[in-house]
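Presented below is the structure to which this report refers.
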Amino acid sequence: MSSFLYQRPIHNPLSDPYPISPRSSSNSQKSYSIFSPTALLVLLSLMVVMGVFFPWVGMRESLFSVTKPSISKWRDYTLAQAVSFVAQNGTVIVCAVSQPYLPFLNNWLISITRQKHQDKVLVIAEDYATLYKVNERWPGHAVLVPPALDSQTAHKFGSQGFFNFTSRRPRHLLHILELGYNVMYNDVDMVWLADPFPYLKGKHDVYFTDDMTAVKPLYHSHDLPPPGKKGRTYICSCMIFLRPTSGAKLVMKKWIEEMKDQPWSRAKKANDQPAFNWALDKLANKVDLYLLPQAAFPTGGLYFKNKTWVQETKGMHVIIHNNYILGFEKKIKRFHDYGLWLVDDHALESPLGRI
């Protein structure tokens, strides 16, 4: 800390700050009393040092803490405070973002702003760079739930960092449910083409989308699909809507348990989605589940690869997920190719502006 402080010159108490004039040189050998002018000057110098320098230290420390009030504020900002700030009509839309995904966050936000739902968005920042950047541009709309993660490893699919990143998701969602709010979760490699809320019909506990590419009948069942080859369903954990019911909370708790039972390892590069499916499968008879319509919420493996289906369902698409592809550049190019990369020409529509 001392290197940041202004170093005030200190007089040497062993030297006379005012040299003796030639006229008084004959008295230079006389001993000084404590009331002599020289002694008084030394005492005065010490008083200046003690009375001015040290209060200045405290003042500098005070000034230093004041120079960045927003940083200290957002470090202490809690999830409960953040949800209370952004929620509207008891509902909050959340995403979890690390710094490399900021361009995707902005793209997603533009599409949500066009549907006039941006004010209820809460960004759960996984690193402090993201926390400060979002709150600098959009105060109150980002929160970090400690500990912060390594943003450079959290975005690599299949890595332990990615598992650590995604495994926190059900804990965040459970906390929001326990606060009494409806919550929609989205991955940020999504684009809204229409308002999804009219599709959240009824009072079901958990709403989700199918991650399979096989085409379903237009008016398919909203029940949990049957298990696939691996003995479990293939529901996407990328788009979930939850009501604050005991059933929804039970699914989140079971999801957390399943990930504890299936941790990441080099041999088995786990992620959160299989655990989410195991939780749904095991609770299907205890919880009110609702499969959203495929035409409105298609997986990327269907929307970007089946042109015939896209044409047949034109005008029905609500949220498009850019999955079934790996890599930032590849995802961005695909969005570009389909006219869904909005940040280049429409960044000012985002609450964050150009970032």
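A salt bridge does not link Arg232 with Asp281: every distance from a Lys NZ or Arg NE/NH1/NH2 to an Asp or Glu carboxylate oxygen is 4.0 Å or more. Look at Glu257 and Lys254 and you find a salt bridge, because one of the NZ, NE, NH1 or NH2 atoms lies within 4.0 Å of a carboxylate O, short of that distance. Under a 4.0 Å N-O distance rule, the pair Lys216/Asp210 qualifies as a salt bridge.
No more than 12 heavy atoms of other residues, nucleotides or ligands lie within 6.0 Å of CD in Glu329, so this atom counts as exposed by the packing criterion.
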- Decide side-chain hydrogen bond (donor to acceptor under 3.5 Å, both in side chains) for Asn277 and Glu258; before the verdict, give the C-alpha distance in whole Å, the side-chain angles of both, and the deciding distance to 0.1 Å. CA-CA 9 Å; Asn277 279 269; Glu258 290 294 328; over 6 Å; no
- Task: Report the C-alpha separation of Trp309 and His317 in whole Å, then their side-chain angles, then the decisive distance to 0.1 Å, and conclude whether the ring pair (Phe, Tyr, Trp, His ring centres under 6.0 Å) test is met.
- Result: CA-CA 11 Å; Trp309 179 87; His317 313 136; 5.5 Å; yes
- Item | Audit row: His141, Phe85, ring pair (Phe, Tyr, Trp, His ring centres under 6.0 Å) steps and yes/no | CA-CA 8 Å; His141 282 267; Phe85 177 75; 5.7 Å; yes
- Please walk me through it: do Thr299 and Asn323 pass side-chain hydrogen bond (donor to acceptor under 3.5 Å, both in side chains)? CA-CA 7 Å; Thr299 184; Asn323 63 345; 3.2 Å; yes
- Candidate pair Lys330 and Asp337, rule salt bridge (charged side-chain N to carboxylate O under 4.0 Å, His left out), full reasoning: CA-CA 10 Å; Lys330 290 181 180 179; Asp337 292 344; over 6 Å; no
- Item | Test salt bridge (charged side-chain N to carboxylate O under 4.0 Å, His left out) applied to Glu349 and Arg114, step by step | CA-CA 8 Å; Glu349 294 183 39; Arg114 291 178 175 183; 2.8 Å; yes
- Message: One pair to check against side-chain hydrogen bond (donor to acceptor under 3.5 Å, both in side chains): Arg243 and Tyr181. What are the steps and the verdict?
- Response: CA-CA 7 Å; Arg243 300 192 189 278; Tyr181 295 92; over 6 Å; no
- Item | Test log, rule ring pair (Phe, Tyr, Trp, His ring centres under 6.0 Å), inputs Tyr324 and Phe304 | CA-CA 9 Å; Tyr324 276 77; Phe304 294 109; over 10 Å; no
- Task: Dump the intermediate steps for side chain to side chain contact (heavy atoms under 4.5 Å, CB included) on Arg171 and Ile256, then the final yes or no.
- Result: CA-CA 7 Å; Arg171 296 184 183 277; Ile256 294 168; 3.5 Å; yes
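Between Arg168 and Pro147, the closest side-chain pair of non-hydrogen atoms falls below 4.5 Å. Leu173 has its side chain within reach of Val94: a pair of non-hydrogen atoms, C-beta onward, lies under 4.5 Å apart. Taking 4.5 Å as the limit, every side-chain heavy atom of Met316 sits out of range of all side-chain heavy atoms of Pro293. In this structure, His321 and Tyr303 have side chains that are not in contact, with every pair of non-hydrogen atoms separated by 4.5 Å or more. Looking only at side-chain heavy atoms (C-beta outward), Thr91 and Phe241 come within less than 4.5 Å of each other. Looking at Asp205 and Leu289, their side chains never come closer than 4.5 Å, going by heavy atoms from C-beta outward. Annotation: side chain of Phe104 is in contact with side chain of Phe328 (closest heavy-atom distance under 4.5 Å).
Using a distance-only test at 3.5 Å, with no hydrogens or angles considered, a donor-acceptor pair links the side chain of Thr130 to the main chain of Gln99. Side-chain N or O atoms of Asp127 include none that pairs as donor or acceptor with a backbone N or O of Ala148 at under 3.5 Å. A donor-acceptor pair under 3.5 Å is formed between the side chain of Thr113 and the backbone N or O of Leu109. Using a distance-only test at 3.5 Å, with no hydrogens or angles considered, a donor-acceptor pair links the side chain of Asn107 to the main chain of Leu342.
In plain terms, the two heavy atoms of Arg354 and Arg137 that are nearest each other are O-NH1, 2.8 Å.
In this structure, a donor-acceptor pair under 3.5 Å is present between the side chains of Lys120 and His117. For the residue pair Gln81 / Asp76, no side-chain donor-acceptor distance below 3.5 Å is found, with atom types taken as modelled. Under 3.5 Å, the side chains of Asn186 and Trp192 contain a donor-acceptor pair of N or O atoms.
Evaluation of the disulfide (SG to SG under 2.5 Å) rule for Cys95 yields no partner, not counting sequence neighbours.
Taking the six-membered ring where the residue is Trp, Tyr207 and Tyr290 present tilted rings, their angle falling between 30° and 60°.
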